[in-house]
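Throughout, numbering of the chain's residues begins at 1 and tracks the sequence.
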Amino acid sequence: MKKLTALLVLAGLSQIAVAADLVGNAQNAKAKIEMCIGCHGIPGYKATFPEVYQVPMIGGQSAKYIESALQAYKKGDRKHPSMKGIAASLSDQDMADVAAFYAQQTRTADPK
């Protein structure tokens, strides 16, 4: 039993180490942000599915926050069907890249 516990602890620590090693690459994100621009790149845009929702501008937001939000959508902790679908299609590296791209933007910048 002690060996199993030790193995599980080591496996958990290795997952933390892998997650900590992810570094977002803003250049790589340019091929991944097309699905973001349609909503997050339009100042004042409101989505109407599943309800009227003010879409936040994410340019200039911290990378850590964006990654965390995407992970929460993917897990279902945040509830928005479109964002859940988009987040589910992204790998952890994709999320880090997208987050790095938007973090380097200014709060009012067009992401093109």
Side-chain angles (χ1 to χ4, degrees):
M1 188 64 172
K2 288 182 182 180
K3 288 182 182 180
L4 179 59
T5 302
L7 181 62
L8 291 173
V9 168
L10 286 174
L13 290 174
S14 69
Q15 289 297 326
I16 291 169
V18 168
D21 289 339
L22 281 179
V23 175
N25 182 326
Q27 285 301 109
N28 289 345
K30 290 185 178 182
K32 302 168 190 170
I33 61 164
E34 288 89 9
M35 60 190 148
C36 308
I37 294 170
C39 296
H40 292 285
I42 303 171
Y45 182 71
K46 293 181 182 176
T48 58
F49 178 80
E51 59 193 44
V52 176
Y53 177 76
Q54 181 71 37
V55 177
M57 296 299 291
I58 56 176
Q61 191 65 264
S62 80
K64 185 174 182 174
Y65 175 82
I66 294 170
E67 281 184 75
S68 176
L70 288 169
Q71 289 291 351
Y73 282 118
K74 189 172 190 173
K75 291 181 205 170
D77 294 339
R78 283 189 173 203
K79 310 288 184 207
H80 191 280
S82 298
M83 284 301 304
K84 181 173 176 56
I86 290 168
S89 75
L90 298 173
S91 69
D92 290 345
Q93 184 63 59
D94 292 339
M95 290 182 193
D97 293 344
V98 168
F101 178 85
Y102 279 105
Q104 76 178 11
Q105 303 296 308
T106 61
R107 294 293 287 168
T108 58
D110 186 322
K112 291 180 184 174

Side-chain donor-acceptor pairs of residues 66-77 under 3.5 Å, sequence neighbours excluded:
from : atom 1 : to  : atom 2 : distance (Å)
Q71  : NE2    : D92 : OD1    : 2.8
K74  : NZ     : L90 : O      : 2.7

Between side-chain atoms of residues 43-59 and protein atoms elsewhere (two or more places apart, or another chain), which donor-acceptor pairs fall under 3.5 Å?
none

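To the nearest 0.5 Å, atoms NE2 (H40) and CD1 (I33) are separated by 11.5 Å. Atom NE2 in H80 sits 8.0 Å away from atom SG in C39 (nearest 0.5 Å).
The stretch residues 95-104 participates, sequence neighbours left out, in these salt bridge (charged side-chain N to carboxylate O under 4.0 Å, His left out) pairs: K32-D97.
Take Q27 and apply the side chain to side chain contact (heavy atoms under 4.5 Å, CB included) test, not counting sequence neighbours, and it matches N25, K30. For K84, there are no side chain to side chain contact (heavy atoms under 4.5 Å, CB included) partners two or more places apart in sequence or in a different chain. Applying the side chain to side chain contact (heavy atoms under 4.5 Å, CB included) rule to Q104 yields the partners A26, F101; only residues at least two apart in sequence or on another chain are considered. Residues that satisfy the side chain to side chain contact (heavy atoms under 4.5 Å, CB included) test with A103, not counting sequence neighbours, are A63.
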